[in-house]
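Taking it in order: structure first as structure tokens, then the write-up.
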Amino acid sequence: MRIIVPIKQVPETNTVKMDENTGTIIRDGVESIINPLDLYAIEIAIQLRQQHGGEVIAISMGPPKAVTALREAIAMGCDSAVLLSDKAFAGADTWATSYVLAKAIERMGSYDMVICGERATDGDTGQVGPGIASFLDLPVASYIGKVEQVDKKSCRLHRLVENGHEVLDVELPAVLTMVKEVADPRLPTLGGKQRAKKIDIPVWTANDIEADLDKLGLTGSPTRVVRIFRPKVVRQCEKITAMDDSIVDQAVDKLVVFLQKKDFI
Amino acid sequence: MTKNKHKHSGVWILAEQADGRVQRISYELLTRGRDLADKRGTDLTAMIFGNDINAEDLQELINCGADRVVTMEEAKLEHFLVEPYAACMLKIIEDYQPEIVIAGATSTGRTLMPYVAIKANAGLTADCTVLDIEEETGNLLQTRPAIGGNILATIKTPQHRPQMATVRPHSTKPAVKQDGRTGEIVRLKAPAKYLKSRINRVDFIPDESEHGLQDADVVVAVGRGIKKSENISLIKSLAKELDAAIGASRDVVDRGWLSYPYQVGLSGKTISPKLYLAVAISGAIQHLAGMQTSETIVAINSDPDAQIFNVADFGIVADVFQILPVLSERIKQARSE
């Protein structure tokens, strides 16, 4: 079983600065981690390799420093990794990002699955997994909360939707996107960390993946961020302090009146 | 589709059905779509895929704002499957050349729309909470929360058509029936070659606990300050008195006091009920991202500096264990009066 796991390096905190001119994220000086949901994708991929043999390859599109996310993926147990990095990739929206990842996956030869996190915490779009599938003309099973059974040609999955879960049989190769319920991501092992330090992670450019230059980065992106602004704080909190036992009743009464006024009671 | 941008016209929504009945999100999209179509001076069309869709529901889409309903009905379209749905939607986009296509940011919309947008060479913006038209250009202005709701970004698609967006469920009111509206229902045949799917839906298992968090009007949510699993019963009593669904912060779920389907926040559910009552929730930014668009927010927390108060309309700074029993009792009284 050959599994490719596209991952994304994201800012660790939510104290992110934006470039007001380009509408893109300023990543300098912010601690970076693997997108949390991608850890679940890595975990499932490793579990499947442990059960069926094969290899797990992590890929990421990003600046040169995104290599640290790939090294973490190796430390968790991925076999190898490839960084997709080129100035031409910068400023890509989900369309142009999906394109680069799909072109890189095409270059990797045959594979059984592409497993992604359902969405990344920074952009929060969830569009790249289905986007990769669309470029590769593969089926995509999104919101996967359980991998029930996998063989050479197909897999049975549980897809979490609004009011329950669908049980799906999916022909392979396919693209799957994972949500939290699917597994508990493992921690890197000491041996894994040592391997991660030494391993050679190739960097592929636009040229290496034979990409059309007009489909890359900002140029290849149909969408443009035109304005970034902070949400207006419109709420005026009516705050009552009732740390003293004696005024608990009074505070509760005021809340009940508030709720009655708004027709909740 | 970059060329001949001006050939594209009309606003389209993707209506959703389940078991042949049109779903609530469809009417929310009609509210959005009608507004955009009127601003753009054009027609609004609802497209819907399914099998044996209730005819009155289709007429209801017209009553509630659509000028036209376009259906494709086949046994193989009964449930959402990405390949046939995408093939059908692409065929419609090719034949009708819409200027704008919006869908719900549901598990269906968020899977189908990116799959279609790639092949249609269209721009797509996820999970919008505000949609508007830029007057000079007719471009769709798509505003969405980003970075955990800390900022809002407005996005447009200047050159590519159609302009596509998914819209956050419950971010607007569903359209209501207006008297005297007329419109056309167009029943299209989906060619057999579009119906192939490498995914087969073999079963559907409804959620056991019908807590209905996503659709609830009132949510009582609990955070780490509740201290232990046994204390969740206090929250359950309060929720019962308010006919509320129960939500939880990530801390509570990570500790196993409530299960993941209860989690509200960036890595859980995004909800906007009419009332969100946050008990012992400090209000980490990741949590706020999942609930700050609620209509009314009430917070009870012992920490006067808890961030939750920054987004609340009403707050009580107090020991939640003192407040909760009294509050449940008082609400019960008030309701019986």
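Numbers restart at 1 for each chain; the letters A, B, ... are given by sequence-line order, proteins then strands.
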What part of [X] is in contact with chain B, defined as an atom under 4.5 angstrom from a non-hydrogen atom: side chain, backbone, both or neither?
| X | value |
| --- | --- |
| A/K215 | neither |
| A/S98 | side chain |
| A/F264 | both |
| A/F258 | side chain |
| A/V256 | side chain |
| A/E118 | neither |
| A/L259 | side chain |

(request) Assess whether side chain to side chain contact (heavy atoms under 4.5 Å, CB included) is satisfied between A/L255 and B/V298, documenting all intermediate values. (result) CA-CA 9 Å; A/L255 174 54; B/V298 172; 3.6 Å; yes

At their closest point, which heavy atom of [X] faces which heavy atom of [Y], and how far apart are they?
| X | Y | value |
| --- | --- | --- |
| B/E295 | A/R235 | O-NH1, 3.1 Å |
| A/L168 | B/V202 | N-CG2, 4.4 Å |
| B/G315 | A/C237 | N-SG, 3.7 Å |
| A/I240 | B/F314 | CD1-CZ, 3.5 Å |
| A/G123 | B/R144 | O-NH1, 3.0 Å |

I'd like to know if the side chain of [X] pairs up with that of [Y] as donor and acceptor (distance under 3.5 Å, no hydrogens or angles considered).
| X | Y | value |
| --- | --- | --- |
| A/R224 | B/T154 | no |
| B/S107 | A/E162 | yes |
| B/D313 | A/Q236 | no |

(message) Whether the side chain of B/K119 engages the backbone of A/S134 through a donor-acceptor N/O pair (distance < 3.5 Å, no angle test) should be reported.
(response)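 Side chain of B/K119 to backbone of A/S134: a pair is present.
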
(message) Main chain of A/D169, side chain of B/R201: is a donor-acceptor contact present, judged purely on distance under 3.5 Å?
(response)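 Pair absent, no side-chain N/O of B/R201 close to backbone of A/D169.
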
(request) Applying side chain to side chain contact (heavy atoms under 4.5 Å, CB included) between A/P222 and each of B/K156, B/H160, B/R161, B/Q163, report the one that passes. (result) B/H160

(message) Checking side chain to side chain contact (heavy atoms under 4.5 Å, CB included) between B/I155 and each of A/V225, A/I228, A/V226, which is the one that passes?
(response) A/V225

(message) If we define contacts as heavy-atom pairs under 4.5 Å, which of A/T177, A/T223, A/L37 has the most with chain B?
(response) A/T223

(request) Compute both the distance and the angle, then confirm whether A/K239 meets the cation-pi test with B/F309: under 6.0 Å from the six-membered ring centre, within 45 degrees of the axis. (result) yes

